[in-house]
Amino acid sequence: MEGDIKSMSSPLLKLKNFKIKGTIKFGEEVEEEDWEPMGPTPMPKVPTLRKWDFRLLKRYPPFYMPICDMCCLCTFGKCDLSRGKKGACGLDIKSQQARIVLIACCIGAACHAGHSRHLVHYLIEKLGRDYPINLGNNIDVEAPIARTVTGIKPKTLGDLEKILDYCEEQITHLLSAAHTGQEGAYIDFESKALHAGMIDDLAREVGDIAQIVGFNMPKGDEDAPLIELGFGTIDKNKPVILCIGHNVVPGRYIMDYLEENDLDDKIEVCGICCTAIDLTRYNEGAKIVGPLSRQLMFVRSGVADVVIVDEQCIRTDILEETLKTGAVLIATNEKMCLGLEDISHLSEDEMIGYILRNRAALILDEEKVGKVAVELSKIISKERKDKKCLPDLSEVVELAKKCTECGWCNRVCPNSFEVKEAMIEAKQGKFDKFVELYKVCYGCGRCESECERDLPIVSMTTKVGEAFIKDLKFKIRAGRGPIQDVEIRRVGAPIVFGDIPGVVALVGCSNHPNGEEEVAKIAKEFLERKYIVVASGCAAMAIGMWKDEDGKTLYEKYGGSFESGGLVNVGSCLSNCHITGAAIKIANIFAKVPLRGNFEQVADYILNRVGAVGIAWGAMSQKAAAIATGVNRWGIPVIVGPHGAKYRRLYLSDREDFEILDKRTGEIMKIEPTPEHLIVTAETMEECICMIPKLCMRPNDGPKGRAMKIYHYVSVYEKYFGTMPPDLEKFVRTEQDIPFMIKDKVMDYLKEKGWKPREKIPKEPTIIY
Amino acid sequence: MEGDIKSMSSPLLKLKNFKIKGTIKFGEEVEEEDWEPMGPTPMPKVPTLRKWDFRLLKRYPPFYMPICDMCCLCTFGKCDLSRGKKGACGLDIKSQQARIVLIACCIGAACHAGHSRHLVHYLIEKLGRDYPINLGNNIDVEAPIARTVTGIKPKTLGDLEKILDYCEEQITHLLSAAHTGQEGAYIDFESKALHAGMIDDLAREVGDIAQIVGFNMPKGDEDAPLIELGFGTIDKNKPVILCIGHNVVPGRYIMDYLEENDLDDKIEVCGICCTAIDLTRYNEGAKIVGPLSRQLMFVRSGVADVVIVDEQCIRTDILEETLKTGAVLIATNEKMCLGLEDISHLSEDEMIGYILRNRAALILDEEKVGKVAVELSKIISKERKDKKCLPDLSEVVELAKKCTECGWCNRVCPNSFEVKEAMIEAKQGKFDKFVELYKVCYGCGRCESECERDLPIVSMTTKVGEAFIKDLKFKIRAGRGPIQDVEIRRVGAPIVFGDIPGVVALVGCSNHPNGEEEVAKIAKEFLERKYIVVASGCAAMAIGMWKDEDGKTLYEKYGGSFESGGLVNVGSCLSNCHITGAAIKIANIFAKVPLRGNFEQVADYILNRVGAVGIAWGAMSQKAAAIATGVNRWGIPVIVGPHGAKYRRLYLSDREDFEILDKRTGEIMKIEPTPEHLIVTAETMEECICMIPKLCMRPNDGPKGRAMKIYHYVSVYEKYFGTMPPDLEKFVRTEQDIPFMIKDKVMDYLKEKGWKPREKIPKEPTIIY
Amino acid sequence: MDRTTPYQPTSGTNLNHADIVSPTILIQMIKRSKNPILIVGCKLDKDIEEVLSKLNIKKIYTPKEMNLLDIMKYLAKGEHDLALFIGITYYYLAQALTHLKHFSSVITVTIDPFYHPNACYSFPNMKKDEHIDVIKKLVGALGK
Amino acid sequence: MDRTTPYQPTSGTNLNHADIVSPTILIQMIKRSKNPILIVGCKLDKDIEEVLSKLNIKKIYTPKEMNLLDIMKYLAKGEHDLALFIGITYYYLAQALTHLKHFSSVITVTIDPFYHPNACYSFPNMKKDEHIDVIKKLVGALGK
């Protein structure tokens, strides 16, 4: 139950002249009007869904790759856990890995919960606790995750606070279990990590719903506007304000101040990472520089006059890097204070003076950042006029000549890119290899850190890119937020029976092994094959940073609807919730599975019927770990790039027959291993592309749908590896599953493998029995 | 404001027939009747007390000792941070260390917050939200930490929930800051760690107050009963139930069931770690086996028939170790599920049957554990009658003969104890060295893990100890909980002026470098010198596990009052809050410093005036890290044992003059460096003892008080090192500070050092300016 | 070139690192193995791939024929007593090998021109031409 | 006895470990040092302590004269170019040395009979009698 406290306060209370402000919070028995009967597991505690987790983990047991032989988490150690040895506390290396994964997932979930708490707190202060959650006429199921997990149907911003209270309590319990001498079984650590992932999902939904309603961002708009993206879109002749991070609030005040003062055309506001995406959801005048991976390069380029940082995924040396260019920096968030003086109590004019003198400050009153940033940008841009931040090309050559060719740059490059070779070539005034490097480099700067001659390799690379790559202007569709109920109604049946061959969600960070281009190429492959392609965050930007032969980005070529062949940018990292949300809504809107407090049923439905796969090609952070683990708990498989192996844990099946119950017949039976893995790495883009059709297969596929999926599986395999998939026989259940177009070829292959059709195919597969 | 919701619900609400249960939660503006005007910082957020932290950290800058050259927390890495290199995210090694400390403190705080949430949730379910917090007539300031930090004066169990909501929100924000690309300055990571420590302190207070009122534990009772302690106190002829961990709830039901069924005399209930302490606070019939360090030995000894584990500091291989002895195990807490089947839904009789068949289970309904554990113990004890778990002495000799004398046991022993030498001696049937080993061994089992012959070294050690050490019966005073207001009134002035030379708090885990004995010896030294000695948790047990020449424990020789020469056991880990609480109450009750929302003033008072020092001689866990860091934020210095260096960070001053403001004169002035460090390690007990009088010195000491402190400083130094303290000249401000008894000696020393008296001594020292 | 620093220096797992193996010893190991296998990655130089094709050992090509982690899971079952690796993305193999290091008894050997700390045995860091010679030596002794 | 595994094997800090130093080289290093210092711990064998007392180098006894971390903080300031350590609890010194390793340029050398990975230079693991000989050699060359 949740209500406006004013309506229920007694005269006695009024007499005492209390300032009343608040919501009523009940323990666990939350009573609401009956929009749906309450299911078995509202507000699940740490062990509530353990049985479900054990079902998943039995089929997809954790696969561990320990980064370290030791544990050094408490001073009882350090302990050597290698070769079967136990630590001083009794822990073995498997549990230790699972424990580290749990900690990572807790950090990720805390990140999103903290961010969402900040947004909700802020919006309640501005709009009131009663401000309604209304996502428009096309979206009735406004919060599928909250409904399913908590049993709450949030109607106001105040309702979201209750959900966050729950999230924070769960995170605290979960993190606690990582303490020395708590959980002792790896399987229970994994169940806890899955719980943390689910909480992460929930926290993201709260945050994104809050900002959508609070800032009037697109509410499931298929035709969200096209936004300018890329280095080349920023007009360097104007003062430039750069916002980095994930929290849209300070940027929002900047945009407002510009509008109020008719400065829209005179000042450039651009962003990096999710702040950028969310800023364009708020105001399409903002521009997106690019994903995280372009942060150091862009700052080094010196284009920005004022750098605003908020929270998450910001380079921690941003202050040093900003100051080197002569720009000024404003930190705006308690999460990242950078040791700066807190000047929040000053007036805006005093702040401007302070920053002009000190070049950086912490301002926790985001409202003031609008004026301060804009006015500063005018002054600083004059100050910095003609300031050169990058070396000239001739200087690049001179610098390159200092290179000793020791080769350590290549060795410390996370992707072993050929830095040394670019350097050697540049000595001759040739830059082809530096141009190649620019295209794929993440800009982490480890080559610089290692260089014995202290060469500014990132700056050199940036200069070459700037000089030789002319077309750095792209487009991205603004984040549309949730999927409309009507879209779900349209695609529900074809997805569940497999006639739409799959939903491919490209998400996560930009720690790509070969630059952004591969993400776009994956998207293109599956758009052309009429999959539904969904994107968010840095992956959504990566897709936009590539053009085809026609010089167009995929966003310009494909529509934004959640439909076969649609390219749907949901928004920022927070907006990932709408991808899980769409899967949940298929269960609910199409198949009438009740959501309220009914996690297990919903997840079981998704696992067996909804052919969706997440691809986090550049997954890097603890947030990405939490997101992937959360998605896994809902029964959605995930592919991560090769760096994802360093998360230490994947969920891999044995690739043998799976066991399910056919609810229709009551029979427990063996089926083909679909979906094959729950989270797995791919080494290359080609491997990833070939895995996608396979991981979109589901036990519930109809013969037509399965045939379609098999068609694509064979087709991409032949395209990228020049051969039939070596495990194809596993996925052809009966002859009906064989696509007509390639029937002979497949039959020949099957014969060679000694394939036999399965006698039975389940009608209503479930793993709950 | 907080109230019973029933009294304010309107008829409208009643009409709808809501089940009303809950508290009213307000945002930040909590209004209560005016027990004190609200101070400047109620419910401080992450950056609110940052300025205070920076003051502390300026004087006591963090001193880092990185365990690892690398960072492997995200898949952007792994990164080499050695030799000045930055990670791919921009972080340097200092910030990385501070970040790891922050994570540790968050885990610690989460542990206590989760535990307290569990207790409060449980007690509200049993007793109702309105159950009053009443600590008796002698304690008016019931929750000094909550009052100071949150501005809330908790009156009911329901009020405690609000405080936990706040704790969980803060922990979430803090943990979030450890995410890749958030905080970038080590100094801000440290400020966040200090905030986490303070939240930990607060969460412990909530939990201990809840259990004191809910279970009617001693409420500041100076004469709490003496409890039996030690291996030797357990009657092996009876069925034995062993409770391990920190949560008293399951043990409580066991004690109740015994009483209700008149079985008190027929069954032994004993405990290890804080569960044991809290069980004796609930019912003095329970016995304490000992601290954490005796866990593996006691389980190996096979005395226990039923092992009950709850949460925290339990060996994670407890299941395996228990089963080896033929005993059964019940896990009772979501934090530690051990992969066991959850049988909470079964009836008690069904549970007993299940456990007899399967030997272990998870029961999350603690109420049922009472009957199940007791009835099982009867059955299992018959089953196991005459079961031998340890090798005979002759078998020990035979096992020892297998030893290859490779020496790796010594090398992997965290304390480099001479295991090999004990083994060699035992080959001849001599056990002196094994007896010595038994006395100091922590029982971590790493020697066993490493042994190439798989010798059961811990079992061998346990057998020898059992066979040769006859007197393993000790006494400990049951945890009394908080310090009474009247005690504070008595000691306030002498502490603040230094006439009581100090408060020595022995706390924390039992990772002692040389066994329990040293803790008792430290206590004895300062009891004899008329310091106030306070203890809690494993340290309180360690003190009890030692007898002097008269065959008496210190608890039998010294009274339990908070007074000069008193030995005060406050209780379990949670009860540590009462130690900080006492310091706060000195500020409030003696000096009338207002508490409400007034953290900085209170901490400044403590730092400059309250000569208390915490000693965590065996500090090991993340909880200990959080506790120490929390205590530091209040201005109380801490000494940790040599293993504490592995926490990676200490707060050390430069040992030069400190700067303060004399509020009386308004003058900023230099003073002697007191207290010298905020957290520091000592290598040996002797060093620790010599540090204590020094770290009890405060700027506010009167000449008489300072002379007393100097007397003890010189006296212990001469006793343990045979020389004058080499830095004595720093702490003698004027001749008046020189103790009369040793004036000549000190004057000679000072002359040699070229000492000159200080011209001015501050009247009202403060670091807030 | 330093021989035994992991090619990417951070890729080791702390305490136990691969022993360096010479081609001569490796040939003996393969000859004595009951059931050796070679995992060939997609980053292999074409010329080396050609030379290797003549090596008379069962091969799996990754990712073409199988995902690397599926291979690791398969190898952990113990069917092969000796597993050689070549041509896989350095950091990816380094990480994946830790699974076998901790959870199997299969002897792993990397025959890339890079020191790979997480295998049981590894070639040292070496130049490309030295590497070709070494591979040729292998094939010479164990070719079809 | 293995010479260069850290005496307590988990005490290294991952990437960079001490080089082994011989007495002969160490004598040269001390002779060239402008301002060497020896930190003597309380766990030192009495016989070695006696031999060492004749070594003509400035000494600080810890903890008697100064807390070890205070010493580290003092050394990090750079007044001494060379700091030798002996007789300190192994794991405690191992941890404390990491401060100098990361935050100073002072050359640290441990002369215990144990390999100490976190120093710049260390003696290898050795037997007690070998250690006494080595210390005598040092004192012989640098005695009063």
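Order of the sequence lines fixes the chain letters, A, B, ..., with proteins taken first and strands second; residue numbering starts at 1 for each chain.
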>> What verdict does the salt bridge (charged side-chain N to carboxylate O under 4.0 Å, His left out) test give for B/Glu169 and A/Arg117, after you've listed the backbone C-alpha separation in whole Å, the side-chain angles of each residue and the deciding distance to 0.1 Å?
In response: CA-CA 8 Å; B/Glu169 183 178 334; A/Arg117 174 63 84 177; 3.7 Å; yes
Side chain, backbone, both or neither: which part of [X] has a non-hydrogen atom closer than 4.5 Å to chain B?
X        : value
A/Asn333 : neither
A/Arg83  : neither
A/Ile103 : side chain
A/Phe189 : neither

If you count heavy-atom pairs under 4.5 Å between each of [options] and chain A, which one has the most?
options                                : answer
B/Cys74, B/Cys273, B/Ala88             : B/Ala88
B/Leu296, B/Ile314, B/Leu174           : B/Ile314
B/Leu91, B/Thr172, B/Ile67             : B/Thr172
B/Leu340, B/Val640, B/Asp342           : B/Leu340
B/Ala110, B/Gly87, B/Cys337            : B/Cys337
B/Gln622, B/Lys646, B/Gln295, B/Met336 : B/Gln622

Name the member of [options] that forms the most heavy-atom pairs with chain B at distances under 4.5 Å.
options                                : value
A/Glu321, A/Gln312, A/His643, A/Glu320 : A/Gln312
A/Ile187, A/Leu364, A/Leu73            : A/Leu73
A/Ile124, A/Leu338, A/Asp80            : A/Leu338
A/Gly339, A/Ala177, A/Ala109, A/Gly618 : A/Gly339
A/Glu341, A/His246, A/Arg648           : A/Arg648
A/Cys167, A/Gly77, A/Cys68             : A/Gly77

[X] side chain vs [Y] backbone, donor-acceptor pair below 3.5 Å:
X        : Y        : answer
A/Ser621 : B/Thr180 : no
A/Asn511 : B/Thr75  : yes
A/Arg446 : B/Lys86  : no
A/Arg315 : B/Gly184 : no
B/Ser449 : A/Lys85  : no

Which portion of [X] sits near chain A, non-hydrogen atoms under 4.5 angstrom:
X        : answer
B/Leu362 : side chain
B/Tyr186 : neither
B/Asp92  : neither
B/Ile171 : side chain
B/Ala619 : backbone
B/Cys106 : both

> Residues in side chain to side chain contact (heavy atoms under 4.5 Å, CB included) with A/Ser116, at least two apart?
Replying inline: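 A/Ser116: side chain to side chain contact (heavy atoms under 4.5 Å, CB included) contacts with A/Leu164, A/Val206, A/Leu574.
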>> Please determine whether side chain to side chain contact (heavy atoms under 4.5 Å, CB included) holds for the pair A/Cys111 and B/Gln182, giving the CA-CA distance in whole Å, both sets of side-chain angles, and the decisive distance to 0.1 Å.
In response: CA-CA 9 Å; A/Cys111 230; B/Gln182 298 252 52; 3.2 Å; yes
Roughly how far, to the nearest 0.5 Å, is [atom2] of [Y] from [atom1] of [X]?
X        : Y        : atom1 : atom2 : value
B/Leu292 : A/Phe76  : CG    : CZ    : 6.0 Å
A/Ser176 : B/His118 : OG    : NE2   : 11.0 Å
A/Lys623 : B/His179 : NZ    : NE2   : 5.0 Å
B/Arg99  : A/Thr316 : CZ    : OG1   : 8.0 Å

> Tell me, which pairs form a salt bridge (charged side-chain N to carboxylate O under 4.0 Å, His left out) where one or both residues lie in residues 175-189 of chain B, sequence neighbours left out?
Replying inline: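 Residue pairs passing salt bridge (charged side-chain N to carboxylate O under 4.0 Å, His left out), neighbours aside: B/Arg50-B/Asp188, B/Glu183-B/Lys192.
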>> If only side-chain N and O atoms count, and only distance matters, is there a donor-acceptor pair under 3.5 Å linking A/Lys335 with B/His173?
In response: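 On atom types as modelled, these side chains qualify, holding a pair under 3.5 Å.
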